[in-house]
Trainee: 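Quick one: the structure is below, questions incoming.
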Amino acid sequence: MKERLDKFLSSQTALSRKEAQRAIKEKRVLLNGTVIRAADTKVDTESDTVSLDGQPLTYQQYVYYMMDKPAGVVSATKDREERTVLDLLPPELYRDGLFPAGRLDKDTTGLLLITDDGDYAHRMLSPKKHVQKRYIATLDREPDESIASAFEAGIVLGDGTVCKSGQAVPLGGCRVAVEISEGKYHQVKRMFAALGYHVEALRRVRIGGLALDEALHPGEVRALTAEEAQKVFD
Ligand code: URA
């Protein structure tokens, strides 16, 4: 793929397009070892080498990040009042076009994927793919044995919506591991509400075959390899 040098820089680094143009003017950018002064010079993303301030840039068409989403931030790119998950990204990981692939409620914590690959997000969220999501729910009281069979049978939400079969495994105390393949609005909370429970805390720990990296602290992000990103489809 061929791309303008300034666009290449702003897509691959935290520089804005303007900052990229300035860096080019300031001779901080080399293309195949040569200083380039024209921002509209075409870069072959497959074969050319670009460096910024002496650091070679490895071209990545898309990036995939895993975040341990903390409570109190919204899963959006922009919000007038609230802090968003993108506000938590360290500047060196930021680039244009990033968005959260799927949403967690403001008070839900755990595994959230952030990417600039629209097709990937679309596939992951498509009901046809049946990607399983695993949550740990903390309820307002200890669950009855019967929750497992209720989840298995398919819970009917308060508004009459019928959920696909899921799994609920009591973990002791008020905690339950839940697995569902759908992503309806407030789904886990509404499923428990239909059984007479209130969800006090909810944490997503797995999407498909990709588990939350427990070494991450709340609000921390790390890049996934392309192989790790594909695990959501396993
Ligand atoms: N189900 C919910 O109720 N909330 C979430 O954030 C995710 C799943």
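Order of listing sets the numbers, starting from 1, for every ligand and every atom in it.
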Trainee: Out of V205, I180, V199, which residue meets the side chain to side chain contact (heavy atoms under 4.5 Å, CB included) rule with Y135?
Mentor: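 Single pass found, and it is I180.
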Trainee: Taking CZ in R175 as the centre, count heavy atoms belonging to other residues, nucleotides or ligands within less than 6.0 Å. Is the count above 12?
Mentor: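 Result for CZ/R175: open.
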Trainee: Under 4.0 Å between a side-chain nitrogen and a carboxylate oxygen: does that hold for D159 and R190?
Mentor: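 Answer for the salt bridge query: yes.
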Trainee: Could you list each nitrogen or oxygen of ligand 1 that sits under 3.5 Å from a protein nitrogen or oxygen, with the atom names and the distance?
Mentor:
residue: ligand 1; atom: 1 (N); partner: V188; partner atom: N; Å: 3.1
residue: ligand 1; atom: 3 (O); partner: H186; partner atom: O; Å: 3.2
residue: ligand 1; atom: 3 (O); partner: Q187; partner atom: N; Å: 3.4
residue: ligand 1; atom: 3 (O); partner: V188; partner atom: N; Å: 3.3
residue: ligand 1; atom: 3 (O); partner: K189; partner atom: N; Å: 3.1
residue: ligand 1; atom: 4 (N); partner: D105; partner atom: OD2; Å: 2.7
residue: ligand 1; atom: 6 (O); partner: D105; partner atom: N; Å: 2.8
residue: ligand 1; atom: 6 (O); partner: D105; partner atom: OD2; Å: 3.4
residue: ligand 1; atom: 6 (O); partner: T108; partner atom: OG1; Å: 2.9

Trainee: Does some side-chain heavy atom of M66 sit less than 4.5 Å from a side-chain heavy atom of L210?
Mentor: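 Touching, per the 4.5 Å side-chain cut-off.
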Trainee: Could you check whether the rings of Y59 and F8 sit parallel, tilted or perpendicular, using 30° and 60° as the cut-offs?
Mentor: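 Ring orientation of Y59 relative to F8: parallel.
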Trainee: Mind checking whether L9 and V29 have side chains closer than 4.5 Å, heavy atoms only?
Mentor: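 Side chain of L9 against side chain of V29, heavy atoms only: contact under 4.5 Å found.
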